[in-house]
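I have placed the structure first, in the form of structure tokens, so that the comments after it can refer back to it.
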Number of protein chains: 2
Amino acid sequence: MMSAQGDPLKLDSMLCFAVYAAGHAFTRFYKPRLEALGLTYPQYLVFLVLWETDGLTVKALGDRLFLDSGTITPLVKRLESRGLLERRRGQDDERQVHIVLTDAGRALREQALAVPLAVGTALAGEREAVDTLREGLHRLRVQLDGGPGA
Amino acid sequence: MMSAQGDPLKLDSMLCFAVYAAGHAFTRFYKPRLEALGLTYPQYLVFLVLWETDGLTVKALGDRLFLDSGTITPLVKRLESRGLLERRRGQDDERQVHIVLTDAGRALREQALAVPLAVGTALAGEREAVDTLREGLHRLRVQLDGGPGA
DNA sequence: TATTTTTCAGTTGCGCACAATTGAATTGTA
DNA sequence: TACAATTCAATTGTGCGCAACTGAAAAATA
């Protein structure tokens with residue numbers, strides 16, 4: 001009941017802005033922790049994927065993170081120039097480029113463990129709410145992308 | 001129970017990525033609707049604020065949207081060059097610049113009403129879940145920003 | 001009042017994000 | 001087998017987002 005809003009354009013009633021603002025808050029929260037690793041947040045996401053599955057192509061990496069080659073390519077080039085990963089042209093399919101971690105890139109994982117720990121501390125005692133939120137956000141994404149059928 | 005995760009760095013277990021991905025989904029969803037208005041999403045947010053409270057300073061606008069002058073200044077300059085708003089140096093305080101809508105800027109509001117309508121359609125029958133999500137995201141933002149005391 | 005500190009908008013530099021395009025490689029089809 | 005359509009990574013251009021800095025104005029303090 002009473003979910004009807006007087007002004008349909010009221011900023012604080014908009015789910016999109018709640019998502020946008022929470023994203024900002026995460027960025028602010030992560031910034032000092034990721035600076036210790038020398039990574040930006042999108043770079044951190046790339047490593048999260050590669051630590052799970054090394055050797056993915058630019059395309060597969062982009063699909064996982066909802067990013068395209070226009071974002072991935074320069075990002076991994078910066079990481080390559082720092083010796084954290086390598087870009088290898090596919091042998092079977094020469095259109096593809098595989099992203100492969102170096103020893104330094106793999107070693108970064110140990111330090112990265114501190115990041116989710118810090119999140120856990122900041123959200124201590126909210127584990128259940130966090131799980132609910134994550135599931136709700138997942139359903140939201142699916143709905144906005146056109147439902148399960150799209 | 002069972003909220004403990006085997007791998008603390010697992011991408012799909014991370015709330016930050018759920019927020020990040022939902023943000024992407026909103027951006028994709030809004031894009032065609034906002035193109036009809038000739039606005040980007042951050043520009044749309046600026047108008048949402050100004051339609052509620054016209055004449056805010058750059059600082060006040062930024063506080064509302066969690067953005068700083070480095071983002072707001074060029075954004076409103078682009079909107080000013082299109083005749084949608086004006087920037088007026090404060091008379092009482094000459095450091096400030098007030099952002100004031102033009103007739104064209106106010107007129108845009110009518111077309112903008114279609115945007116939340118489209119969201120409502122896409123999320124039809126989820127009103128309760130949407131309210132829950134928005135509140136959860138708000139609490140998350142407050143927690144990440146250091147709690148209610150910070 | 002004089003001086004220090006703070007606040008504000010603006011600028012620069014770097015990195016993300018995406019649309020549009022290019023060119024090479026692959027796949028599908030005639 | 002030819003050739004058309006698709007896929008892939010890369011590039012270009014525009015706009016957001018933030019840190020760091022500048023210079024002017026205002027506020028706080030001595």
Side-chain angles (χ1 to χ4, degrees), chain A residues 16-17 20-32 34-35 37-47 56-82 85-99, chain B residues 16-17 20-32 34-35 37-47 56-82 85-99:
Chain A
C16 64
F17 183 61
Y20 182 80
H24 279 166
F26 259 123
T27 298
R28 283 191 298 274
F29 182 87
Y30 273 122
K31 177 114 4 191
L34 290 179
E35 274 173 3
L37 303 184
L39 297 180
T40 65
Y41 180 66
Q43 290 170 357
Y44 173 66
L45 290 181
V46 164
F47 277 105
L56 289 178
T57 65
V58 170
K59 176 77 165 66
L61 206 47
D63 286 348
R64 189 84 172 86
L65 298 176
F66 307 100
L67 300 172
D68 67 5
S69 67
T71 301
I72 299 284
T73 295
L75 188 155
V76 296
K77 277 189 172 181
R78 282 187 282 272
L79 296 175
E80 183 181 40
S81 74
R82 290 169 49 195
L85 50 80
E86 289 176 10
R87 302 185 311 132
R88 296 197 195 142
R89 183 65 57 174
Q91 297 179 349
D92 47 321
D93 187 337
E94 291 193 8
R95 291 172 304 182
Q96 300 180 339
V97 168
H98 295 268
I99 310 300
Chain B
C16 65
F17 183 61
Y20 183 79
H24 279 164
F26 259 122
T27 298
R28 284 191 297 275
F29 181 88
Y30 273 121
K31 177 112 6 188
L34 290 180
E35 274 173 3
L37 303 184
L39 297 180
T40 65
Y41 180 65
Q43 289 169 357
Y44 173 66
L45 289 182
V46 164
F47 277 106
L56 289 178
T57 64
V58 169
K59 176 76 164 66
L61 206 47
D63 285 348
R64 190 83 173 84
L65 298 175
F66 306 100
L67 299 172
D68 66 4
S69 67
T71 301
I72 299 284
T73 296
L75 189 155
V76 297
K77 277 190 172 181
R78 281 187 282 272
L79 296 174
E80 183 181 41
S81 74
R82 290 168 49 193
L85 51 79
E86 289 175 9
R87 301 185 311 131
R88 295 198 195 141
R89 184 65 57 174
Q91 298 178 347
D92 48 323
D93 187 337
E94 291 192 9
R95 290 172 304 181
Q96 299 181 339
V97 168
H98 295 267
I99 311 299

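First the proteins, then the strands, lettered A, B, ... as listed; each starts at 1.
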B:Tyr41 side-chain N/O to C:dC18 phosphate OP1/OP2 under 4.0 Å: no

Phosphate OP1/OP2 of D:dG17 contacted by A:Tyr20 side-chain N/O (<4.0 Å): yes

Heavy-atom protein contacts under 4.0 Å, nucleotides 5-10 of chain C, coded B base, S sugar-phosphate only, - none: --BSBB

Gap between atom CZ of B:Phe29 and atom CG of B:Leu34 - 0.5 Å precision: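 B:Leu34 CG to B:Phe29 CZ: 10.0 Å, rounded to 0.5 Å.
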
A:Leu39 CG to A:Leu45 CG distance, which is reported to the nearest 0.5 Å: 10.0 Å

To the nearest angstrom, how far is [X] atom [atom1] from [N] atom [atom2]?
X	N	atom1	atom2	result
A:Phe26	D:dG17	CZ	P	18 Å
A:Lys31	C:dC14	NZ	P	15 Å
B:Asp68	C:dT12	CG	C1'	13 Å
A:Leu45	C:dA17	CG	C1'	13 Å
B:Leu34	C:dA19	CG	P	13 Å
B:Gln43	D:dT14	CD	P	15 Å
A:Asp92	D:dT7	CG	P	17 Å
B:Glu35	D:dG15	CD	P	13 Å

Hey, does the side chain of [X] reach the backbone of [Y] with a donor-acceptor pair shorter than 3.5 angstrom?
X	Y	result
B:Arg64	B:Leu56	no
B:Arg89	B:Arg95	yes
A:Arg87	A:His98	no

Partners meeting ring-ring contact (aromatic ring centres under 6.0 Å, His included) with B:Tyr20 (sequence neighbours left out): A:Tyr41, B:His24

Sugar-phosphate only, base, or nothing, as touched by A:Thr71 at under 4.0 Å among non-hydrogen atoms: base

A:Thr71 vs A:Asp68 side-chain heavy atoms within contact, under 4.5 Å: yes

Residue met sooner reading DNA chain D from 5', once B:Gln91 and A:His24 are mapped to nucleotides: A:His24

